[in-house]
Chemist: 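So that we are looking at the same thing, I have put the structure below in structure tokens.
This one's a predicted model, so the numbers in the text were calculated from it and none came from an experiment.
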Amino acid sequence: MKKKKLAKVEFHFENVECGTIPSDIIEDMQFDDLHEDKHQGFEDGNIVFTNYLVADNCLIKLDYELANQYFTNFDEPLGKRLCEHDDIVDVTLHFADNTQERIEIAWSDNSDDDNEWQSHQLEVKKPLDKSDLDQIEPGLAEEMKEIEQNDRFLNRKILRIYIGKED
């Protein structure tokens, strides 16, 4: 297992828009079914070989209101942009050591503009209900309360973006 400190995430959209958010407003991010793909192109008389990662499934949860404090290259609040269009083409992860990793997102062939495999949902992350805590073993309930006290995303509006390739 390899760990790298994430600094920021850059989103690229179908219409060449892009926008970047810092890692501290991301609650969760997972890329599953990653595989390497290769591309060969021709540029200035040279054959260019490129290797990159593709994610067939992706989950990103971020603080919607804080994401709206960052803007795309067309001056649109990024949280709003992510909610209004399901068209993430790729994500570039920028790490604290100044390295980066581009991950292309699986795209449905049914449309050039919107990815039917991408969906989003806005929800407020609420604390556990007291009646639920009463049904849990007391020691575990106390641990859950402590976790909630340290959860900086609690009572925040969370944007959940899911991309899942159909087989």
Side-chain angles (χ1 to χ4, degrees), residues 2-43 48-127 148 151-167:
K2 184 165 77 169
K3 276 187 173 182
K4 292 180 91 171
K5 178 73 175 153
L6 186 64
K8 61 186 177 180
V9 176
E10 185 176 356
F11 295 93
H12 295 103
F13 303 104
E14 179 277 329
N15 67 342
V16 303
E17 258 184 291
C18 62
T20 303
I21 59 171
S23 64
D24 63 352
I25 69 170
I26 298 171
E27 181 188 20
D28 191 12
M29 184 169 44
Q30 300 172 29
F31 297 96
D32 294 320
D33 300 318
L34 280 172
H35 52 93
E36 190 173 65
D37 209 344
K38 297 177 182 185
H39 175 76
Q40 175 263 312
F42 188 74
E43 185 177 297
V48 179
F49 296 93
T50 307
N51 295 352
Y52 56 92
L53 290 175
V54 177
D56 288 344
N57 299 289
C58 171
L59 171 69
I60 301 170
K61 292 182 179 180
L62 54 90
D63 187 310
Y64 174 75
E65 292 155 340
L66 290 177
N68 279 327
Q69 295 176 11
Y70 299 88
F71 296 87
T72 69
N73 55 331
F74 289 94
D75 291 324
E76 186 174 2
L78 195 51
K80 180 179 181 226
R81 174 64 177 80
L82 287 162
C83 270
E84 290 182 351
H85 306 279
D86 292 328
D87 66 342
I88 299 172
V89 174
D90 65 62
V91 173
T92 303
L93 307 175
H94 295 265
F95 299 101
D97 65 0
N98 292 322
T99 61
Q100 61 186 25
E101 184 75 57
R102 179 178 155 248
I103 302 174
E104 198 166 287
I105 304 299
W107 188 280
S108 166
D109 290 331
N110 292 347
S111 170
D112 290 338
D113 301 323
D114 287 308
N115 186 355
E116 77 174 28
W117 294 337
Q118 182 178 333
S119 62
H120 64 274
Q121 178 180 0
L122 270 175
E123 58 193 16
V124 175
K125 186 173 182 183
K126 295 285 188 186
E148 284 185 344
D151 187 348
R152 68 182 193 272
F153 296 101
L154 197 62
N155 294 315
R156 302 286 303 169
K157 193 180 284 188
I158 301 298
L159 173 58
R160 178 188 178 275
I161 302 166
Y162 178 72
I163 299 146
K165 183 177 179 180
E166 297 177 352
D167 293 318

Chemist: Quick one: are V9 and L93 in side-chain contact, heavy atoms under 4.5 Å?
Modeler: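 V9 vs L93: side chains touch.
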
Chemist: What's the separation between atom CG in L78 and atom CG in L66, rounded to the nearest 0.5 Å?
Modeler: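 With rounding to 0.5 Å, CG (L78) is 12.0 Å from CG (L66).
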
Chemist: Please round to the nearest 0.5 Å and tell me the distance separating atom OH of Y162 and atom CD of Q30.
Modeler: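 Output value for this atom pair is 10.0 Å.
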
Chemist: Working to the nearest 0.5 angstrom, can you tell me the gap between I26 CD1 and I21 CD1?
Modeler: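 Answer rounded to 0.5 Å: 4.0 Å.
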
Chemist: Please say whether the positively charged group of K4, taken as NZ for Lys or CZ for Arg, lies over the ring of F95, i.e. under 6.0 angstrom from the six-membered ring centre and within 45 degrees of the axis.
Modeler: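 Yes, a cation-pi geometry.
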
Chemist: Go through the steps to decide whether Q100 and E10 satisfy the test side chain to side chain contact (heavy atoms under 4.5 Å, CB included), and finish with yes or no.
Modeler: CA-CA 10 Å; Q100 61 186 25; E10 185 176 356; 5.6 Å; no

Chemist: Do I60 and F11 have side chains that get closer than 4.5 Å, going by heavy atoms?
Modeler: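 Side-chain contact under 4.5 Å: yes.
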
Chemist: For side chain to side chain contact (heavy atoms under 4.5 Å, CB included), just list the numbers for L82 and L62, CA-CA rounded to whole Å, side-chain angles, deciding distance to a tenth of an Å, and then say yes or no.
Modeler: CA-CA 11 Å; L82 287 162; L62 54 90; 4.1 Å; yes

Chemist: If you take all heavy atoms of G164 and N57, which pair is closest and at what distance?
Modeler: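 It is CA-OD1, 3.1 Å.
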
Chemist: Would you please test H120 and Q118 for side-chain hydrogen bond (donor to acceptor under 3.5 Å, both in side chains) and show each step?
Modeler: CA-CA 7 Å; H120 64 274; Q118 182 178 333; 5.8 Å; no

Chemist: Does N155 have more than 12 heavy atoms from other residues, nucleotides or ligands lying within 6.0 Å of its CG?
Modeler: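 Yes - once you tally the heavy atoms of other residues, nucleotides and ligands closer than 6.0 Å, there are more than 12.
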
Chemist: Please collect all salt bridge (Lys or Arg N to Asp or Glu O under 4.0 Å) contacts where either partner lies in residues 152-164, sequence neighbours excluded, each pair once.
Modeler: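 Every pair satisfying salt bridge (Lys or Arg N to Asp or Glu O under 4.0 Å) with a residue in residues 152-164: D63-R156, E65-R156.
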
Chemist: Nearest 0.5 Å, please: how far is CD in Q69 from CD1 in I25?
Modeler: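 Reported value, rounded in 0.5 Å steps: 8.0 Å.
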
Chemist: Has the side chain of N115 got a donor or acceptor atom that lies under 3.5 Å from a matching backbone atom of S108?
Modeler: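 Side chain of N115 to backbone of S108: a pair is present.
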
Chemist: List the atom of I103, the atom of V54, and the distance in Å for their closest heavy-atom pair.
Modeler: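 Looking at all heavy atoms of both residues, the closest pair is CG2-C, 4.4 Å.
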
Chemist: With the side chain counted from C-beta on, respond yes when D56 and W117 share a heavy-atom pair under 4.5 Å apart, and no when they do not.
Modeler: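 They are not in contact (no side-chain heavy atoms under 4.5 Å apart), so the answer is no.
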
Chemist: Indicate the atoms forming the closest heavy-atom contact of H35 with D33, along with that distance.
Modeler: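 Smallest heavy-atom distance, with atoms named: CD2-O, 3.4 Å.
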
Chemist: Roughly how far apart are E14 CD and W107 CH2, rounded to 0.5 Å?
Modeler: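 Output value for this atom pair is 5.5 Å.
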
Chemist: Going by side-chain hydrogen bond (donor to acceptor under 3.5 Å, both in side chains), name the pairs with one or both residues in residues 72-85, residues two or more places apart or in two chains.
Modeler: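 side-chain hydrogen bond (donor to acceptor under 3.5 Å, both in side chains) check on residues 72-85 returns N15-R81, E17-T72, E17-R81, R81-D87.
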
Chemist: Which atom pair, heavy atoms only, marks the closest approach of H12 to D90?
Modeler: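 That would be ND1-OD1, 2.6 Å.
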
Chemist: Please find the pair of heavy atoms, one from P127 and one from L154, that lie closest to each other, and give the distance.
Modeler: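 That closest heavy-atom pairing would be N-CD1, 3.6 Å.
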
Chemist: For D112, does the CG atom have more than 12 heavy-atom neighbours from other residues, nucleotides or ligands under 6.0 Å away?
Modeler: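 Counting other residues, nucleotides and ligands, CG of D112 stays at 12 neighbours or fewer.
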
Chemist: Please report the interatomic distance CD(E116) to CG(D86), rounded to the nearest 0.5 Å.
Modeler: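 The CD atom of E116 sits 10.5 Å away from the CG atom of D86.
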
Chemist: Begin from the C-alpha positions of E104 and D37 and carry the test side chain to side chain contact (heavy atoms under 4.5 Å, CB included) through to its verdict.
Modeler: CA-CA 9 Å; E104 198 166 287; D37 209 344; 5.7 Å; no

Chemist: Examine the side chains of D113 and S111 and answer whether a donor and an acceptor come within less than 3.5 Å of each other.
Modeler: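 S111 and D113 do not have a side-chain donor-acceptor pair below 3.5 Å.
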
Chemist: With side chains defined as the heavy atoms from C-beta onward, is the minimum distance between I88 and F13 less than 4.5 Å?
Modeler: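 SC-SC contact between I88 and F13 confirmed.
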
Chemist: Minimum heavy-atom separation for F71 to P77, with atom names?
Modeler: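 Nearest heavy atoms, F71 then P77: CD2-N, 3.5 Å.
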
Chemist: Just wondering, more than 12 heavy atoms not from N98 lying within 6.0 Å of its CG?
Modeler: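 Counting neighbours around CG of N98, 12 or fewer heavy atoms of other residues, nucleotides or ligands fall under 6.0 Å, so no.
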
Chemist: Side-chain contact test, heavy atoms from C-beta onward, threshold under 4.5 Å: evaluate it for T20 versus Y70 and give yes or no.
Modeler: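 T20 does not reach Y70 side chain to side chain.
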
